[in-house]
Undergrad: 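This is the structure I want to talk about, given as structure tokens.
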Amino acid sequence: DAGVIQSPRHEVTEMGQEVTLRCKPISGHNSLFWYRQTMMRGLELLIYFNNNVPIDDSGMPEDRFSAKMPNASFSTLKIQPSEPRDSAVYFCASTISRGHGYTFGSGTRLTVV
Amino acid sequence: SQQGEEDPQALSIQEGENATMNCSYKTSINNLQWYRQNSGRGLVHLILIRSNEREKHSGRLRVTLDTSKKSSSLLITASRAADTASYFCATDAYNDMRFGAGTRLTVKP
């Protein structure tokens with residue numbers, strides 16, 4: 001099992017550009033989560049999906065952020081337009097069901113200049 | 001927003017010593033989990049303890065949970081230099097899972 005796969009590993013973009021982060025969860029895992037990690041705010045839950053359906057997106061900072069899960073094996077987190085304060089490490093995690101441990105991807109380090 | 005709060009924020013010990021980290025939380029939970037994060041890497045799940053459990057062991061790890069005090073502790077026995085990492089508690093409160101700020105553990109060889 002290759003684990004949770006995120007791409008790209010690093011992304012540097014200019015302010016105002018669109019950024020798309022990608023995640024492939026572990027096959028058979030029914031829940032998928034997007035987290036953002038910064039030194040100031042720690043790990044923040046942005047959104048989570050259950051069986052491809054968004055359940056709670058209250059952590060999405062603002063309308064510039066959107067997430068989709070078109071099928072069980074793929075999810076995207078899009079920021080449009082990006083701003084310097086969006087610079088962070090974005091993690092995707094999946095779990096077979098609630099009440100089990102999460103498997104995290106290696107993260108995408110986003111730098112917006 | 002964060003749910004759990006770890007204490008201490010940083011801990012430095014010698015190899016072979018035990019390390020204890022604490023976590024406090026605010027709301028009712030379904031389970032509590034501990035994760036490790038090495039610098040620049042993703043989080044790795046260590047252990048899960050359910051709300052009806054009081055203690056759990058996994059190798060050199062021992063976790064306790066006191067739901068009346070809304071607190072948990074993680075004990076790492078006979079620490080090794082490879083245990084150097086940040087440790088996070090995460091509370092699963094039925095609708096989502098939120099992480100604390102973490103404890104930075106340094107184990108000196």
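In the text below, chain A, chain B and the rest are named by the order of the sequence lines, each starting its count at 1. Worth knowing before you read on, the calculation uses all heavy atoms, side chains too, and leaves out hydrogens, waters and symmetry mates.
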Undergrad: So which part of Q37(A) gets closer than 4.5 Å to some heavy atom of chain B, the side chain, the backbone, both or neither?
TA: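 The answer is the side chain of Q37(A).
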Undergrad: List the steps, then state whether side-chain contact (heavy atoms from CB on, under 4.5 Å) holds for Y102(A) with M97(B).
TA: CA-CA 10 Å; Y102(A) 290 16; M97(B) 191 157 75; 3.3 Å; yes
Undergrad: Under a 4.5 Å heavy-atom cutoff, which of A93(A), G101(A), G107(A), S31(A) has the most pairs with chain B?
TA: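 Most pairs with chain B among the choices: G101(A).
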Undergrad: Just verifying a value: how many Å separate Q37(B) CD and L43(A) CG, rounded to the nearest 0.5 Å?
TA: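 The CG atom of L43(A) is 6.5 Å from CD of Q37(B), to the nearest 0.5 Å.
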Undergrad: Is it the case that atom CZ in R41(B) sees more than 12 heavy atoms from other parts of the structure closer than 6.0 Å?
TA: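 Check fails, neighbour count at 12 or below.
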Undergrad: Would you indicate whether E17(B), at its atom CD, is surrounded by more than 12 heavy atoms from other residues, nucleotides or ligands within a distance under 6.0 Å?
TA: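 Yes, the 6.0 Å shell around CD holds more than 12 heavy atoms from other groups.
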Undergrad: Near D63(A) CG, under 6.0 Å, is it more than 12 heavy atoms from other residues, nucleotides or ligands?
TA: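 No, not enclosed.
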Undergrad: Is R80(B) atom CZ crowded by more than 12 heavy atoms from other residues, nucleotides or ligands, each under 6.0 Å away?
TA: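 No, the 6.0 Å shell around CZ holds no more than 12 heavy atoms from other groups.
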Undergrad: Considering residues, nucleotides and ligands other than E14(A), do more than 12 of their heavy atoms fall under 6.0 Å from its CD?
TA: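 At most 12 heavy atoms, drawn from other residues, nucleotides or ligands, come within 6.0 Å of this atom.
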Undergrad: By the rule that ILVMFWY residues connect when side-chain heavy atoms come within less than 4.5 angstrom, directly or transitively, which residues belong alongside M69(A)?
TA: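 Direct or chained contacts put M69(A) with M15(A), V19(A), L21(A), L32(A), W34(A), L46(A), I47(A), F49(A), M60(A), F65(A), L77(A), I79(A), Y90(A), L110(A), V112(A).
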Undergrad: Which distance, rounded to the nearest 0.5 Å, do you find between the OH of Y35(B) and the CZ of F104(A)?
TA: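 The OH atom of Y35(B) sits 5.5 Å away from the CZ atom of F104(A).
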Undergrad: With a 4.5 angstrom heavy-atom cut-off, which part of L43(B) approaches chain A: side chain, backbone, both or neither?
TA: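 Both parts, backbone and side chain.
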Undergrad: Please give me the minimum heavy-atom distance between L45(A) and R98(B), naming the atom from each residue.
TA: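 Reported closest heavy-atom pair: CB-NH1, 4.3 Å.
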